[in-house]
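Structure record follows, encoded as structure tokens.
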Amino acid sequence: MPSPELLIAFIFATSIFAYMPGPSTLYAAAQTIARGRRAGWFAALGIHLGGYVHVLAAAVGLAFLFEAVPTLYVGLKLAGAAYLIWLGVTMFRSKQGTNGTIEATAIKTERRAFWESVSVEVLNPKTAIFYVAFLPQFADPAASFPIWVQLLILGTIVNFMFSSADALCVILADKVAAIFKSSGGATLLAQRIGGSILVALGAKLALDK
């Protein structure tokens, strides 16, 4: 493994990146505000598991394809952006039920929220680029473990730290969502706020260079 000094620098740098507001934390917040705490937790879990796709890709070198083939990067980025916008529009147009809950065109279960979140994370090429640019800086060629094993271990640590930030965001967003639970109209407003956040995230992903 890398030296203790390198590991300390790694933990410090990862903490800064993890707890800066970013797409995954905003996405988890949007799901929590719009669909409730359980959906938020399932969204955070989906983001976490989807992150391992990028960790594995960085460890075996697949993420370098995005740098070698820019068209592949742009295509995946636009697909992820379109998916986020579609989710946001669907959420925004959801209708309120008579019992104060939100009835979407297709009712969103926690399982659906989970798989949506996995897809959103996997379709985000910026995450892949982050791992392939960030992790090698803390790998030590002189260490006993091969480079790919070090990248796998470091990537797993990064994923857990990012997920801890997502979990914190779910907790805070649930506090905010409690404000909207007192009336049906406020619940509908929460649904539209969540949808608007997803649309904004999708637009940002599409327009980012």
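In what follows, residues are counted from 1 in the order of the sequence shown.
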Can you tell me how far SG of C169 sits from CG of L26, rounded to the nearest 0.5 angstrom?
6.5 Å
N/O donor-acceptor pair under 3.5 Å between D166 side chain and A44 backbone:
no
Are T127 and N124 close enough that a side-chain donor and a side-chain acceptor fall under 3.5 Å?
yes
Does V170 sit in a hydrophobic cluster with other residues, and if so which ones, taking ILVMFWY side chains as linked at heavy-atom separations under 4.5 Å, directly or through other members?
W41, I171
Salt-bridge present (R35, E116; N to O < 4.0 Å):
yes
Report yes or no: do I8 and L135 belong to one cluster of Ile/Leu/Val/Met/Phe/Trp/Tyr joined by side chain heavy-atom distances under 4.5 Å?
no
Looking only at side chains, do S164 and Y19 share a donor and an acceptor under 3.5 Å apart?
yes
Got a second to check how far S24's OG is from N159's CG, nearest 0.5 Å?
9.5 Å
For the atom pair CD1 (I33) and NZ (K175), what is the distance rounded to the nearest 0.5 Å?
14.0 Å
Say you draw a straight line from CZ of F114 to NE2 of H48; how long is it, rounded to the nearest 0.5 Å?
10.5 Å
For the atom pair CZ (F138) and CD1 (I11), what is the distance rounded to the nearest 0.5 Å?
9.5 Å
Which class fits the ring pair Y131 and H54: parallel under 30°, tilted 30 to 60°, perpendicular over 60°?
parallel
Which residues pass the ring-ring contact (aromatic ring centres under 6.0 Å, His included) test with F162, not counting sequence neighbours?
F130
Between CD1 on residue I47 and OG1 on residue T25, distance to nearest 0.5 Å
8.5 Å
Any sub-3.5 Å donor-acceptor pair from E121's side-chain atoms to G46's backbone N or O?
no
